[in-house]
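Note sheet for the following structure.
Values below: every heavy atom of this structure, side chains too, minus hydrogens, waters and symmetry copies. In what follows, every chain begins at residue 1, and chains take the letters A, B, ... in the order their sequences are listed. What you see is a predicted model, and the numbers here were worked out from it, not measured in a lab.
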Amino acid sequence: MANGVLKEGIAAGRLAAGEYQQNFSDLHVPFDAHEARVEADRCYFCFDAPCMTACPTSIDIPLFIREIATDNPLGAAETIFDQNILGGMCARVCPTEQLCEEACVRMEAEGKPVQIGQLQRYATDIAIAEDRQFYERAPETGKRVAVVGAGPAGLSAAHRLARYGHDVVMYDAHAKSGGLNEYGIATYKTTGNFAQREVDYVTAIGGITTVHGKALGHDFTLAQLSAEFDAVFLGIGLGGVNALRAEGETAAGVANAVDFIADLRQAKDVASVPVGRRVVVIGGGMTAVDAAIQSKLLGAESVTICYRRGKENMNASGFEQDLAASKGVSIRHWLSPKRVLSEGGKVVGLELDYTRMDGGKLVPTGETVIIPCDQIFKAIGQSLASDGEGVDLMGGKIAVDGEGRTSVSGVWAGGDCATGGDDLTVTAVAEGRDAAESIHRALIGSGITAQARLVEGARTHG
Amino acid sequence: MADLRNNFVGIKSPNPFWLASAPPTDKAYNVERAFKAGWGGVVWKTLGEAGPPVVNVNGPRYGAIWGADRRLLGLNNIELITDRDLQTNLREIKQVKMNWPDRAVVVSIMVPCDEESWKAILPLVEETEADGIELNFGCPHGMSERGMGAAVGQVPEYVEMVVRWCKQYSRMPVITKLTPNVTDVRRPARAAKAGGTDAVSLINTINSITGVDLDSFSPTPSIDGKGTHGGYCGPAVKPIAMHMVADIARDAETRGLPISGIGGITTWRDAAEFMALGAGNVQVCTAAMTYGFKIVEEMISGLNNWMDEKGHRTLEDFVGRATPNVTDWQYLNLNYITKARIDQELCIKCGRCHIACEDTSHQAITKELNGKRHFEVLEDECVGCNLCVNVCPVDNCIDMVALEPGMLDQRTKKVVAPEYANWTSHPNNPMPTHKKLEPAE
């Protein structure tokens, strides 16, 4: 262990060079062809398969696994992309143990589900590596659709709209497309610049123009888009970060977990990203876990996740919690931040209230604890960074109906910024896709004819 | 401890597991290793006539099919009889038999189909003091094109003729090895018996093409872009072999003729099944070629434990016990009515039973109950076919339960009759005998 681990304060380069590479390498070693075939052979090809029902994008899982088993990975990839054009990223980041793999009948049989995520990655990696495009655009309709936000929801919507022959202009405030896939997911979950390779693969269908560095509310208004385009899809995510509401949180060393995660993803060399010696992460979701694990991987001596409720209330999956524990992160429950302690403007500790449930309400017990630390990451949820620009909100999100329609005619929304869904990549993909279908029906008038044309004309084979 | 000693047409071996005539028994080195590993006997790889030995291809000789984890399920070969000098083989056979007097050493022979050829080789083999000979009338490739192997085995008259010569010019026990590449294996078996054979062994390998390379369009194994049919063996052929063994064991003309069972035997259980159908012992090849000779330890221990558990003291206690239960379709009891029953505790709700029954059979399994996945047999539709049992991935989850006499069959709305009744007396039989026939045994 390099001495850098014991260095006080927030510092870069705590570890030896080789350790970073090892720590931030691919979380799951991908299957080779033989491993994929053997794992695929475990699938029972269930009738009306529960895994398929559990998938938010309804991928025909038994079919794609059978295609892998029969040495047809491209056929498998097409089956996946038919339902989920971001199947490659979902294969990496989906909490499969709460979705398809939890539903797998082998769970009931032996507690060991078919590794659906790994198989999906196997097939989609091959298709993307070979740049096999399965869809052709339908003849141009002359309709123009603005997609705001090039994250999972926006990309999914843009691809489906482009397939139908509409012209798509995709706006994103960042310098790169991908949204949380590019900026918000732990480095070891998506190595090898996969997020950008996937963006390139998705947009290669054509008919999609991307404008970077332009944000809704800053560079253009929703009213302008509505005037210029035939339809607008908002997939702007949650750009704001919730405040701790703890005394002293402006001290140096208090940071947003999402920014830390983004910095790591964008760093040319992760060794250049500084981290505290003793880190506290506030929150109980995937973001908290991603920040905590990566703090540890950067060489922090101690990392503690503090969550104000119990283990069963954590949004992070059991797998993620176990992963954190295996990396040496300690997770403490029933603790709520009360006061940031600082010396000379720098964080030196965090005082937390012990909490408990009292008649359905979370209340402090009156006891407190101080955890010495030099860095505090806030991961207590994100919020909409827009006032909606005239679109109705509900519970801080854009209110949408089952098809993704907002209160404003001609404006749809999906992904984390909209109501419904579980703030997962895969639900954002589903919502983007379904909103695109709704937009298409609205633009063309007759859904049935257009659907038929898509089925006839858009698949290049199969 | 059960007694595994085997006496097959007077040839004694410490257990009933012999290695079949094949590459594992081509020379002293291998056979010595086999005996050290515990094999009860070997059938030495087929000797040809004196003179220049046969030549084998120099490209691949074997092809295979596999399960997903490359578990070998079936093997095919285009190797010929021994390509070593006759005298070398004879010398080695003699030495090995001298070294291992308690093991069975049988010599496989294949020479041209004329009396002189057989008359010439038999004394040479007899001189080795081997325990017996096996006539290779089965090899389906290469040699058959030269009028030997399967070309003889497929003509019952030739079989009888050659067996007669062997009995005439040798005092050794004669085992006639039969080819499965015939429409009715009882014909060559009857011919062998008529010729005076002491036993038959079966099956030899089955004509086969294991695969086609879809880039070169060559059959596999590919010899410079071409392939030929080879002999198929291994676990995949076991059901075919067992049927043929049973056919000979229960045929009126060949009943009682000793049989050495061959075909896909991989475990003690496979061996016990062949022997229950009437084989006096078994011969193994593919399993040894896949896993090495050590597998015989599992076979010996497994057979031993099973015999102890069932109270079978000697092999004779169970050899042929299943033979009388093999019958013709027309004698099956039509009053034996079964219904599938799914154990809901064991069911993992994969729905394979439902979709198999729904799409391809009798629409007799539900898919849901109160909006939840639920697979249950509809007794008024179930014909008791057993398909659901076969496709279910869970051991013992679906059982076929026989209805007791007096119970109502919900499908036919008829009460189950207590007596045995077969097709011969069924009112729908267009050629009724009007007299119910019972199976021969």
Side-chain angles (χ1 to χ4, degrees), chain A residues 31-55 58-76 97 99-116 118-120 122-123 130 461, chain B residues 64-74 210-216 220 235 340 342-378 387-398:
Chain A
F31 281 157
D32 67 20
H34 180 77
E35 287 171 313
R37 271 201 300 274
V38 172
E39 188 61 18
D41 192 56
R42 296 184 64 231
C43 173
Y44 288 139
F45 203 69
C46 292
F47 160 74
D48 190 17
C51 54
M52 194 172 156
T53 312
C55 174
S58 308
I59 292 171
D60 191 339
I61 294 166
L63 179 60
F64 95 67
I65 292 180
R66 194 168 176 79
E67 287 167 323
I68 290 172
T70 55
D71 199 21
N72 178 15
L74 291 175
E97 72 280 4
L99 299 170
C100 52
E101 291 177 14
E102 181 182 53
C104 176
V105 299
R106 283 220 184 235
M107 263 313 270
E108 180 148 351
E110 62 202 45
K112 288 193 192 107
V114 175
Q115 296 177 60
I116 298 166
Q118 280 279 73
L119 288 169
Q120 179 166 317
Y122 171 76
E130 294 184 11
H461 70 82
Chain B
I65 62 165
W66 301 273
D69 204 5
R70 280 187 73 88
R71 178 173 290 274
L72 190 141
L73 302 175
T210 45
V212 175
D213 182 320
L214 290 177
D215 294 319
S216 66
T220 56
I342 299 170
D343 184 333
Q344 296 298 332
E345 292 291 306
L346 291 177
C347 176
I348 60 170
K349 301 181 173 52
C350 67
R352 281 165 62 153
C353 56
H354 163 77
I355 201 61
C357 192
E358 191 72 15
D359 275 356
T360 71
S361 293
H362 300 92
Q363 297 76 49
I365 299 180
T366 66
K367 60 179 175 182
E368 60 178 33
L369 182 68
N370 302 327
K372 287 201 169 124
R373 291 169 78 77
H374 182 79
F375 303 97
E376 191 153 13
V377 176
L378 304 169
L387 178 64
C388 54
V389 173
N390 292 329
V391 301
C392 177
V394 179
D395 285 333
N396 305 318
C397 178
I398 310 182

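Annotation for A/Phe47 and B/Gly351: closest pair CB-O, 3.3 Å, computed over non-hydrogen atoms.
A side-chain donor-acceptor contact under 3.5 Å links B/Arg373 to the backbone of A/Asp48.
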Between B/Ile348 and A/Met107, is a side chain to side chain contact (heavy atoms under 4.5 Å, CB included) present by the stated rule, with each step listed?
CA-CA 9 Å; B/Ile348 60 170; A/Met107 263 313 270; over 6 Å; no

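Using a 4.5 Å cut-off between heavy atoms, A/Pro50 touches chain B through backbone and side chain atoms alike.
Other residues, nucleotides and ligands place no more than 12 heavy atoms under 6.0 Å from the CZ atom of A/Arg66.
Put simply, of B/Cys350, B/Ala68, B/Cys347, the one with the most heavy-atom pairs under 4.5 Å next to chain A is B/Cys350.
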